[in-house]
Amino acid sequence: MPGYADPAAVIVTRFRDLAALLTRNATVLEASGLPDEVVAVRSMVYRDVAAQLALLVETELDLAAGNPLVVPLHTEIVETLMVRRFDRLAGQLTANARVLVKGTSDAVMHRRARIYRDVASQVRMLAQHEADAATNRRIQAERPVPRALTAVPSQVARQAATRTPRVRAVFVDKLVTEIAKRRRQGWSVARLTLWLRTSLRDPQTDHVHPCARKDFVRYVLDLLAGATVPATAGRAAA
């Protein structure tokens, strides 16, 4: 995948988004009117994980700021780092759950542990989502573009412009687009030529514009159809 990215910026953004989501969920729970035994533990865990994410954000920023050799990395590397950070966070939350229930049968501790494991599971899902999205982007970037999609009017216009060296390429580009549109509507070569002769005739000299000549119209239509046509064949005179 082409392009570069700052790993700290990407990771910090993801962590901040997740922290904001957890804090928002805790706030919604606390205002929901549900029983305290349902709300209190889950809200506590959500806010605790959000606080852990805030610390991780500070760590990422400190690492980036403290290393003068940090350089932007390829996007693929940043995506890999992002997945690893999410996996590491999920592992830390699972470890928290184990510590909470170690040597105790307290119901509240076990409820907290279940919520930590639940959040860890969601974080692993985020990691998998990041990995899948990165894979899909690489597949799209590496997939060859069909020839039919590459033969767009702008490409045709560059070839057509070689037949009219005195006409600006930007004008030819717009003209080819209009020719292509009318051709799809069923216009014949004769009708296209007549339209161009009427539209492009110089009112002062009455000369026919080089792009309004029949051989130029045929050349453009051949290019649009995908035919290989020598650029010098029947070159239109200015």
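No path of Ile, Leu, Val, Met, Phe, Trp and Tyr side chains, each step under 4.5 Å between heavy atoms, connects V57 with V83, placing them in separate hydrophobic clusters. Connection of I11 to M125 is not established within any shared hydrophobic cluster, with ILVMFWY side chains joined at heavy-atom distances below 4.5 Å, either directly or through further cluster members. Under a hydrophobic clustering in which Ile, Leu, Val, Met, Phe, Trp and Tyr are joined whenever their side-chain heavy atoms come within less than 4.5 Å, directly or via other members, I179 and V189 fall into the same cluster. Residues L55 and F86 fall into different hydrophobic clusters, defined by Ile, Leu, Val, Met, Phe, Trp and Tyr side chains chained together at heavy-atom separations under 4.5 Å. Hydrophobic clustering of Ile, Leu, Val, Met, Phe, Trp and Tyr side chains at less than 4.5 Å, counting indirect connections, unites L224 with W187.
With sequence neighbours excluded, the residues forming a side-chain contact (heavy atoms from CB on, under 4.5 Å) with E30 are A26, V39, S43, R47, listed by chain and number. Residues satisfying the side-chain hydrogen bond (donor to acceptor under 3.5 Å, both in side chains) test with D48, not counting sequence neighbours, are Q52, Y116. With sequence neighbours left out, the side-chain hydrogen bond (donor to acceptor under 3.5 Å, both in side chains) criterion links T94 to R124. Judged as a side-chain contact (heavy atoms from CB on, under 4.5 Å), and not counting sequence neighbours, the contacts of D17 are T13. With sequence neighbours left out, V28 forms a side-chain contact (heavy atoms from CB on, under 4.5 Å) with no residue at all. K181 meets the side-chain hydrogen bond (donor to acceptor under 3.5 Å, both in side chains) test with E178; sequence neighbours excluded. With sequence neighbours left out, R14 forms a salt bridge (Lys or Arg N to Asp or Glu O under 4.0 Å) with E130. Not counting sequence neighbours, R114 has no partner by the side-chain hydrogen bond (donor to acceptor under 3.5 Å, both in side chains) test. By the side-chain contact (heavy atoms from CB on, under 4.5 Å) test, D118 pairs with R42, Q122, sequence neighbours left out. Here R85 pairs with E60 under the salt bridge (Lys or Arg N to Asp or Glu O under 4.0 Å) rule; sequence neighbours left out.
Residues in residues 90-112 take part in no salt bridge (charged side-chain N to carboxylate O under 4.0 Å, His left out) pair, two or more places apart or across chains.
In this structure, the side chains of V220 and L175 stay at 4.5 Å or more apart for every pair of heavy atoms. By the 4.5 Å heavy-atom criterion applied to side chains, L221 and L192 are counted as neighbours. Y219 places a side-chain heavy atom less than 4.5 Å from the side chain of T162. Side-chain contact check for R163 versus D215: some heavy-atom pair is nearer than 4.5 Å. Residues L89 and L53 meet the side-chain proximity criterion, which asks for heavy atoms closer than 4.5 Å.
More than 12 heavy atoms of other shown residues, nucleotides or ligands fall within 6.0 angstrom of atom CE in M44. Around CZ of R218, the count of heavy atoms belonging to other residues, nucleotides or ligands within 6.0 Å does not exceed 12.
Heavy atoms only, all atoms of each residue included: L93 and A120 are closest at CB-CB, 3.8 Å. Residues Y46 and L29 share a closest heavy-atom pair of CE1-CD1, 3.8 Å. Of all non-hydrogen atoms in A50 and T23, the two that sit nearest each other are CB-OG1, 3.5 Å. Closest approach of A160 and V172 over heavy atoms only: CB-CG1, 4.0 Å. Looking at every heavy atom in both residues, A127 comes nearest to D87 through CB-OD1, 3.5 Å.
With rounding to the nearest 0.5 angstrom, the CG atom of L126 is 8.5 Å from the CE atom of M82. Note: R213 CZ to R197 CZ = 7.5 Å, rounded to the nearest 0.5 Å. Residue E58 holds its CD atom at 8.0 Å from CG of L61, rounded to the nearest 0.5 Å.
Under the 3.5 Å distance criterion, the side-chain polar atoms of T177 are matched with a main-chain donor or acceptor of D173.
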